[in-house]
Amino acid sequence: MCYYSSMDYNARVLEQELRKPWKIKQDTMYQQSFLAAANGYNYGVKLPAVTIQDQAIELMEWSLYPGMPPDIAKKVRNGTYNCRSEEATQKKSFKGPINKGQFCLIPSSWILEFHTIPKKITGDKKDLKIPFRITNKEGFFAIPGLWNPYKNEQGEIVRSFTMLTKHGGEVFSKIHNAPRFSRDCRQVVMFGREYWDAWLDDKFLWDDRLELIEEGVIKDEELVFHPVRHPNKIRNINIPEMKEDYREYEGIDKIQYPELLDSFPNTL
DNA sequence: CCAGACGTTGTT
DNA sequence: GTCTGG
DNA sequence: CCAGACGTTGTT
DNA sequence: GTCTGG
(Lines give C-alpha, C1' and ligand atoms only; values in the text may rest on other atoms or scores of the structure.)
Protein backbone atom coordinates (compact mmCIF):
# COMPACT_ATOMS: atom_id res chain seq x y z
CA MET A 1 0.00 0.00 0.00
CA CYS A 2 1.03 3.55 -0.60
CA TYR A 3 -0.23 6.19 1.70
CA TYR A 4 -0.47 9.90 1.18
CA SER A 5 -1.16 12.74 3.54
CA SER A 6 -1.03 16.43 3.00
CA MET A 7 -0.65 18.17 6.33
CA ASP A 8 -1.43 21.71 5.24
CA TYR A 9 -4.65 20.55 3.65
CA ASN A 10 -5.35 18.24 6.54
CA ALA A 11 -4.92 20.93 9.13
CA ARG A 12 -7.13 23.33 7.16
CA VAL A 13 -9.89 20.76 7.02
CA LEU A 14 -9.54 20.02 10.69
CA GLU A 15 -9.67 23.61 11.77
CA GLN A 16 -12.16 25.18 9.41
CA GLU A 17 -14.49 22.53 8.14
CA LEU A 18 -14.56 19.95 10.87
CA ARG A 19 -14.08 22.24 13.85
CA LYS A 20 -11.82 19.73 15.48
CA PRO A 21 -8.59 21.58 15.95
CA TRP A 22 -6.12 19.14 17.30
CA LYS A 23 -3.05 20.70 18.69
CA ILE A 24 -0.04 20.34 16.45
CA LYS A 25 3.06 19.35 18.36
CA GLN A 26 5.65 20.29 15.78
CA ASP A 27 4.54 23.34 13.85
CA THR A 28 7.28 22.75 11.30
CA MET A 29 5.23 19.96 9.85
CA TYR A 30 2.19 22.09 9.29
CA GLN A 31 2.95 22.63 5.63
CA GLN A 32 4.35 19.26 4.82
CA SER A 33 2.89 16.62 2.61
CA PHE A 34 3.72 12.99 2.79
CA LEU A 35 3.72 10.15 0.34
CA ALA A 36 4.87 6.92 1.81
CA ALA A 37 4.97 3.27 0.94
CA ALA A 38 4.91 0.30 3.23
CA ASN A 39 6.80 -2.88 2.77
CA GLY A 40 9.16 -4.99 4.78
CA TYR A 41 12.25 -3.13 3.71
CA ASN A 42 11.15 0.38 4.26
CA TYR A 43 10.15 1.47 7.72
CA GLY A 44 10.51 4.35 10.11
CA VAL A 45 9.01 6.96 7.79
CA LYS A 46 7.62 9.81 9.87
CA LEU A 47 3.94 10.57 9.35
CA PRO A 48 1.44 12.71 11.23
CA ALA A 49 -0.76 10.90 13.72
CA VAL A 50 -2.84 11.62 16.82
CA THR A 51 -2.55 9.48 19.94
CA ILE A 52 -5.46 8.85 22.26
CA GLN A 53 -3.21 9.95 25.13
CA ASP A 54 -2.17 13.33 23.73
CA GLN A 55 -4.96 14.25 21.31
CA ALA A 56 -2.45 16.22 19.26
CA ILE A 57 -0.92 15.78 15.85
CA GLU A 58 2.69 14.72 15.96
CA LEU A 59 5.10 12.90 13.69
CA MET A 60 5.46 9.24 14.47
CA GLU A 61 7.38 6.44 12.79
CA TRP A 62 5.42 4.14 10.53
CA SER A 63 5.86 0.46 11.41
CA LEU A 64 5.33 -0.42 15.01
CA TYR A 65 8.43 -1.17 17.01
CA PRO A 66 7.40 -3.99 19.35
CA GLY A 67 8.43 -4.15 22.99
CA MET A 68 11.32 -6.54 22.60
CA PRO A 69 15.11 -6.39 22.66
CA PRO A 70 16.34 -4.24 19.75
CA ASP A 71 17.88 -6.98 17.64
CA ILE A 72 14.60 -8.88 17.60
CA ALA A 73 12.35 -5.84 17.44
CA LYS A 74 14.10 -4.54 14.34
CA LYS A 75 13.43 -7.74 12.49
CA VAL A 76 9.85 -8.07 13.60
CA ARG A 77 9.29 -4.48 12.60
CA ASN A 78 9.70 -5.48 8.96
CA GLY A 79 6.15 -6.75 9.18
CA THR A 80 4.36 -4.42 11.56
CA TYR A 81 3.48 -1.54 9.23
CA ASN A 82 0.00 -3.08 9.22
CA CYS A 83 -1.88 -5.04 11.84
CA ARG A 84 -4.63 -7.51 11.05
CA SER A 85 -7.31 -6.21 13.39
CA GLU A 86 -9.15 -9.53 13.66
CA GLU A 87 -6.05 -11.25 15.06
CA ALA A 88 -4.37 -8.38 16.83
CA THR A 89 -4.98 -9.48 20.41
CA GLN A 90 -3.24 -12.79 19.75
CA LYS A 91 -0.05 -11.18 18.48
CA LYS A 92 2.88 -10.62 20.81
CA SER A 93 3.78 -7.39 19.10
CA PHE A 94 0.33 -5.86 19.36
CA LYS A 95 -1.33 -7.13 22.51
CA GLY A 96 0.81 -4.90 24.71
CA PRO A 97 -0.19 -1.69 22.96
CA ILE A 98 -3.82 -2.84 22.92
CA ASN A 99 -3.85 -3.62 26.64
CA LYS A 100 -2.25 -0.26 27.40
CA GLY A 101 -4.80 1.56 25.25
CA GLN A 102 -2.20 2.90 22.85
CA PHE A 103 -4.54 3.78 20.03
CA CYS A 104 -3.91 6.40 17.40
CA LEU A 105 -5.42 7.92 14.29
CA ILE A 106 -3.54 8.72 11.11
CA PRO A 107 -5.07 11.49 8.94
CA SER A 108 -4.87 10.89 5.23
CA SER A 109 -6.00 12.35 1.92
CA TRP A 110 -5.80 9.25 -0.20
CA ILE A 111 -4.14 5.92 -0.60
CA LEU A 112 -2.96 4.00 -3.64
CA GLU A 113 -3.60 0.38 -4.45
CA PHE A 114 -2.43 -1.33 -7.62
CA HIS A 115 -4.51 -3.29 -10.06
CA THR A 116 -2.66 -6.00 -11.94
CA ILE A 117 -3.39 -6.96 -15.53
CA PRO A 118 -1.48 -10.15 -16.21
CA LYS A 119 1.01 -10.24 -19.05
CA LYS A 120 -1.00 -13.12 -20.46
CA ILE A 121 -3.72 -10.62 -21.27
CA THR A 122 -1.64 -7.62 -22.26
CA GLY A 123 0.73 -9.76 -24.29
CA ASP A 124 3.53 -7.77 -22.72
CA LYS A 125 6.66 -8.99 -21.03
CA LYS A 126 5.57 -7.88 -17.60
CA ASP A 127 2.27 -7.60 -15.81
CA LEU A 128 0.71 -4.15 -16.10
CA LYS A 129 0.36 -2.48 -12.71
CA ILE A 130 -2.21 0.29 -12.66
CA PRO A 131 -2.36 2.49 -9.57
CA PHE A 132 -5.79 3.51 -8.24
CA ARG A 133 -6.21 6.54 -6.08
CA ILE A 134 -8.73 5.74 -3.35
CA THR A 135 -10.37 8.23 -1.04
CA ASN A 136 -13.81 9.20 0.27
CA LYS A 137 -16.10 11.92 -1.05
CA GLU A 138 -14.66 14.43 1.38
CA GLY A 139 -11.17 13.63 0.18
CA PHE A 140 -10.12 13.30 3.77
CA PHE A 141 -10.30 10.46 6.23
CA ALA A 142 -8.28 8.85 9.02
CA ILE A 143 -6.80 5.42 9.57
CA PRO A 144 -7.02 3.84 13.03
CA GLY A 145 -3.81 2.41 14.42
CA LEU A 146 -1.82 1.25 17.42
CA TRP A 147 1.30 2.91 18.66
CA ASN A 148 4.24 1.96 20.81
CA PRO A 149 7.24 3.89 22.14
CA TYR A 150 10.83 2.70 22.03
CA LYS A 151 14.28 3.99 22.82
CA ASN A 152 16.34 4.56 19.70
CA GLU A 153 20.11 4.29 19.38
CA GLN A 154 20.55 7.87 20.54
CA GLY A 155 18.60 7.01 23.67
CA GLU A 156 15.61 9.11 22.66
CA ILE A 157 12.08 7.89 23.20
CA VAL A 158 10.43 7.61 19.81
CA ARG A 159 6.84 6.74 19.01
CA SER A 160 6.02 4.23 16.31
CA PHE A 161 2.69 3.07 14.93
CA THR A 162 0.90 0.52 12.76
CA MET A 163 -2.16 0.95 10.54
CA LEU A 164 -5.02 -1.48 11.13
CA THR A 165 -6.37 -3.60 8.31
CA LYS A 166 -9.52 -5.64 7.88
CA HIS A 167 -10.91 -8.10 5.38
CA GLY A 168 -11.13 -6.26 2.06
CA GLY A 169 -14.47 -5.05 0.71
CA GLU A 170 -15.58 -5.41 -2.89
CA VAL A 171 -13.84 -2.36 -4.24
CA PHE A 172 -10.55 -3.24 -2.65
CA SER A 173 -10.79 -6.86 -3.71
CA LYS A 174 -11.51 -5.89 -7.26
CA ILE A 175 -8.71 -3.36 -7.54
CA HIS A 176 -6.21 -5.19 -5.48
CA ASN A 177 -6.14 -8.39 -7.46
CA ALA A 178 -2.45 -9.22 -7.35
CA PRO A 179 -1.78 -12.90 -6.94
CA ARG A 180 -1.41 -13.69 -3.27
CA PHE A 181 -0.20 -16.31 -1.00
CA SER A 182 -2.93 -18.18 0.82
CA ARG A 183 -4.66 -15.30 2.57
CA ASP A 184 -7.58 -12.97 1.95
CA CYS A 185 -7.44 -9.57 0.30
CA ARG A 186 -6.92 -6.84 2.89
CA GLN A 187 -7.77 -3.20 3.10
CA VAL A 188 -6.54 -0.53 5.40
CA VAL A 189 -9.34 0.71 7.66
CA MET A 190 -10.59 4.15 6.62
CA PHE A 191 -12.76 6.19 8.99
CA GLY A 192 -14.83 9.18 7.98
CA ARG A 193 -15.04 12.12 10.36
CA GLU A 194 -17.90 10.66 12.41
CA TYR A 195 -15.75 7.85 13.82
CA TRP A 196 -12.65 9.75 14.80
CA ASP A 197 -13.87 10.86 18.21
CA ALA A 198 -14.91 7.35 19.16
CA TRP A 199 -11.57 5.90 18.16
CA LEU A 200 -9.80 8.48 20.30
CA ASP A 201 -12.13 7.98 23.25
CA ASP A 202 -10.53 5.91 25.99
CA LYS A 203 -13.81 4.45 27.20
CA PHE A 204 -13.80 1.96 24.30
CA LEU A 205 -12.13 -1.38 24.85
CA TRP A 206 -10.79 -3.59 22.13
CA ASP A 207 -14.00 -5.51 21.45
CA ASP A 208 -15.84 -2.22 21.04
CA ARG A 209 -13.15 -1.12 18.64
CA LEU A 210 -13.49 -4.21 16.48
CA GLU A 211 -17.14 -3.30 16.16
CA LEU A 212 -16.29 0.30 15.43
CA ILE A 213 -14.08 -0.88 12.61
CA GLU A 214 -16.77 -3.01 11.02
CA GLU A 215 -19.38 -0.35 11.43
CA GLY A 216 -17.30 2.71 10.69
CA VAL A 217 -15.09 1.65 7.82
CA ILE A 218 -16.01 3.80 4.83
CA LYS A 219 -18.46 1.87 2.69
CA ASP A 220 -17.77 1.10 -0.93
CA GLU A 221 -20.53 3.49 -2.01
CA GLU A 222 -18.76 6.33 -0.27
CA LEU A 223 -15.41 5.59 -1.84
CA VAL A 224 -14.05 7.45 -4.80
CA PHE A 225 -11.47 5.60 -6.83
CA HIS A 226 -9.93 6.02 -10.22
CA PRO A 227 -6.80 5.01 -12.09
CA VAL A 228 -3.98 7.50 -12.06
CA ARG A 229 -0.62 8.16 -13.58
CA HIS A 230 2.07 5.88 -12.32
CA PRO A 231 4.18 7.53 -9.60
CA ASN A 232 7.65 6.33 -10.35
CA LYS A 233 9.29 7.10 -7.07
CA ILE A 234 7.94 6.73 -3.61
CA ARG A 235 10.85 5.39 -1.67
CA ASN A 236 12.69 7.73 0.69
CA ILE A 237 9.71 9.97 1.08
CA ASN A 238 10.73 11.12 4.51
CA ILE A 239 13.82 12.86 3.21
CA PRO A 240 12.87 16.54 3.65
CA GLU A 241 14.48 17.81 0.45
CA MET A 242 12.30 15.45 -1.56
CA LYS A 243 9.16 17.12 -0.36
CA GLU A 244 8.78 19.29 -3.44
CA ASP A 245 9.03 16.29 -5.74
CA TYR A 246 5.98 14.80 -4.16
CA ARG A 247 3.87 17.89 -4.00
CA GLU A 248 2.94 17.29 -7.63
CA TYR A 249 0.98 14.25 -6.59
CA GLU A 250 -1.45 16.22 -4.49
CA GLY A 251 -3.76 16.68 -7.43
CA ILE A 252 -2.95 13.35 -8.97
CA ASP A 253 -5.14 13.08 -12.03
CA LYS A 254 -7.41 10.40 -13.28
CA ILE A 255 -6.17 8.98 -16.53
CA GLN A 256 -7.57 6.47 -18.99
CA TYR A 257 -6.25 2.99 -19.37
CA PRO A 258 -7.83 1.15 -22.32
CA GLU A 259 -6.72 -2.07 -20.65
CA LEU A 260 -9.18 -1.45 -17.85
CA LEU A 261 -12.30 -1.56 -20.01
CA ASP A 262 -12.81 -5.26 -19.45
CA SER A 263 -12.33 -5.32 -15.71
CA PHE A 264 -13.95 -1.97 -14.86
CA PRO A 265 -16.70 -1.34 -17.40
CA ASN A 266 -18.78 1.76 -16.63
CA THR A 267 -17.43 2.19 -13.15
CA LEU A 268 -14.76 4.78 -13.69
C1' DC B 1 9.46 -27.19 30.45
C1' DC B 2 12.48 -25.09 26.80
C1' DA B 3 13.11 -23.60 22.15
C1' DG B 4 11.70 -20.71 18.99
C1' DA B 5 8.95 -17.17 17.35
C1' DC B 6 7.58 -12.66 17.52
C1' DG B 7 4.62 -9.68 11.19
C1' DT B 8 2.27 -8.23 6.91
C1' DT B 9 1.79 -7.42 2.26
C1' DG B 10 2.34 -8.21 -2.37
C1' DT B 11 5.11 -1.52 -6.41
C1' DT B 12 8.66 1.39 -5.02
C1' DG C 1 11.63 -19.59 -15.62
C1' DT C 2 12.02 -19.38 -10.70
C1' DC C 3 14.00 -18.56 -6.40
C1' DT C 4 16.41 -15.53 -3.01
C1' DG C 5 17.74 -11.48 -0.83
C1' DG C 6 17.01 -6.89 0.30
C1' DC D 1 7.36 -6.27 -4.08
C1' DC D 2 11.53 -6.11 -7.46
C1' DA D 3 16.35 -7.02 -8.67
C1' DG D 4 19.50 -10.25 -9.27
C1' DA D 5 21.13 -14.78 -9.38
C1' DC D 6 21.00 -18.92 -11.51
C1' DG D 7 27.00 -23.11 -7.68
C1' DT D 8 29.88 -26.57 -5.28
C1' DT D 9 32.58 -28.79 -1.70
C1' DG D 10 33.59 -29.96 2.75
C1' DT D 11 32.33 -29.55 7.04
C1' DT D 12 29.29 -28.20 10.96
C1' DG E 1 10.48 -9.28 26.81
C1' DT E 2 6.78 -12.58 26.40
C1' DC E 3 4.08 -15.97 24.32
C1' DT E 4 3.36 -20.33 21.72
C1' DG E 5 4.15 -24.86 20.23
C1' DG E 6 5.96 -29.20 20.80
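The figures here come from the full heavy-atom set of this structure, side chains too, leaving out hydrogens, waters and symmetry mates. Naming: A, B, ... by sequence-line order, numbering from 1 per chain.
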Original post:
Which other residues belong to the hydrophobic cluster containing I157(A), where Ile, Leu, Val, Met, Phe, Trp and Tyr are joined when side-chain heavy atoms lie under 4.5 Å apart, directly or via other members?
Top reply: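 Besides I157(A), the cluster holds no residue at all.
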Subject >> Any residue meeting side chain to side chain donor-acceptor pair (under 3.5 Å) with E221(A), in chain and number order, not counting sequence neighbours >> reply: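 Listed in chain order: nothing, the list is empty.
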Original post:
Between L105(A), L212(A), L200(A), which is the residue that forms a side chain to side chain contact (heavy atoms under 4.5 Å, CB included) with Y195(A)?
Top reply: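 Option passing the side chain to side chain contact (heavy atoms under 4.5 Å, CB included) with Y195(A): L212(A).
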Original post:
Of all of residues 93-106 of chain A, which get a heavy atom below 4.0 angstrom from DNA chain B, listed by number?
Top reply: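 Those residues whose heavy atoms fall under 4.0 Å from DNA chain B, taken from residues 93-106 of chain A in numerical order, are S93(A), F94(A).
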Quick one: pull up [atom1] in [X] and [atom2] in [Y] and give me the separation to the nearest 0.5 Å.
X: S160(A); Y: W62(A); atom1: OG; atom2: CH2; result: 13.0 Å
X: M60(A); Y: I106(A); atom1: CE; atom2: CD1; result: 6.5 Å
X: T135(A); Y: H226(A); atom1: OG1; atom2: NE2; result: 9.0 Å

Quick check against the 3.5 Å criterion: does [X] have a side-chain atom that pairs as donor or acceptor with the backbone of [Y]?
X: T162(A); Y: Y81(A); result: yes
X: D54(A); Y: T51(A); result: no
X: R209(A); Y: F204(A); result: yes

**OP:** Specify the residues of residues 65-76 of chain A, ordered by number, for which at least one heavy atom lies under 4.0 angstrom from an atom of DNA chain E.
**Re:**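 Contacting residues: M68(A), P69(A), I72(A).
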Does the separation of the ring centres of [X] and [Y] fall below 6.0 angstrom?
X: F103(A); Y: W196(A); value: no
X: F225(A); Y: F172(A); value: no
X: F264(A); Y: H115(A); value: yes

Whole angstroms only, please: what is the [atom1]-[atom2] distance between [X] and [N]?
X: R186(A); N: dT9(B); atom1: CZ; atom2: C1'; value: 10 Å
X: R84(A); N: dT9(B); atom1: CZ; atom2: P; value: 5 Å
X: H176(A); N: dT8(B); atom1: NE2; atom2: P; value: 16 Å
X: K92(A); N: dT8(B); atom1: NZ; atom2: P; value: 11 Å
X: F161(A); N: dT8(B); atom1: CZ; atom2: P; value: 16 Å
X: Y81(A); N: dT8(B); atom1: OH; atom2: P; value: 9 Å
X: E113(A); N: dC1(D); atom1: CD; atom2: P; value: 13 Å
X: K91(A); N: dG4(B); atom1: NZ; atom2: C1'; value: 15 Å

For [N] and [M], measure between their [atom1] atoms and round to the nearest Å.
N: dT9(B); M: dC1(D); atom1: C1'; value: 9 Å
N: dT4(C); M: dG7(D); atom1: P; value: 11 Å
N: dC2(D); M: dT12(B); atom1: C1'; value: 8 Å

Subject >> Within 6.0 angstrom of K219(A) NZ, more than 12 heavy atoms from elsewhere >> reply: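 For K219(A), atom NZ is crowded (more than 12 foreign heavy atoms under 6.0 Å).
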Original post:
Is the CD atom of Q154(A) crowded by more than 12 outside heavy atoms at less than 6.0 Å?
Top reply: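 Yes.
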Original post:
Between R77(A) and dC6(B), is there a side-chain N or O to OP1/OP2 distance below 4.0 Å?
Top reply: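 Result: no.
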Original post:
Reckon T165(A) has a side-chain N or O less than 4.0 Å from the OP1 or OP2 of dT9(B)?
Top reply: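 So the side-chain polar atoms of T165(A) do come within 4.0 Å of the phosphate oxygens OP1 or OP2 of dT9(B), strictly under.
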**OP:** Could you tell me from which nucleotide to which nucleotide of DNA chain E, 5' to 3', there is an atom under 4.0 Å from chain A heavy atoms?
**Re:**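 Extent of the interface on DNA chain E: dG1(E) to dT4(E).
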Subject >> Stems involving DNA chain E, each a run of at least 3 consecutive Watson-Crick or G-U pairs under 3.5 Å >> reply: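 Only these stems qualify: B:1-6 with E:1-6.
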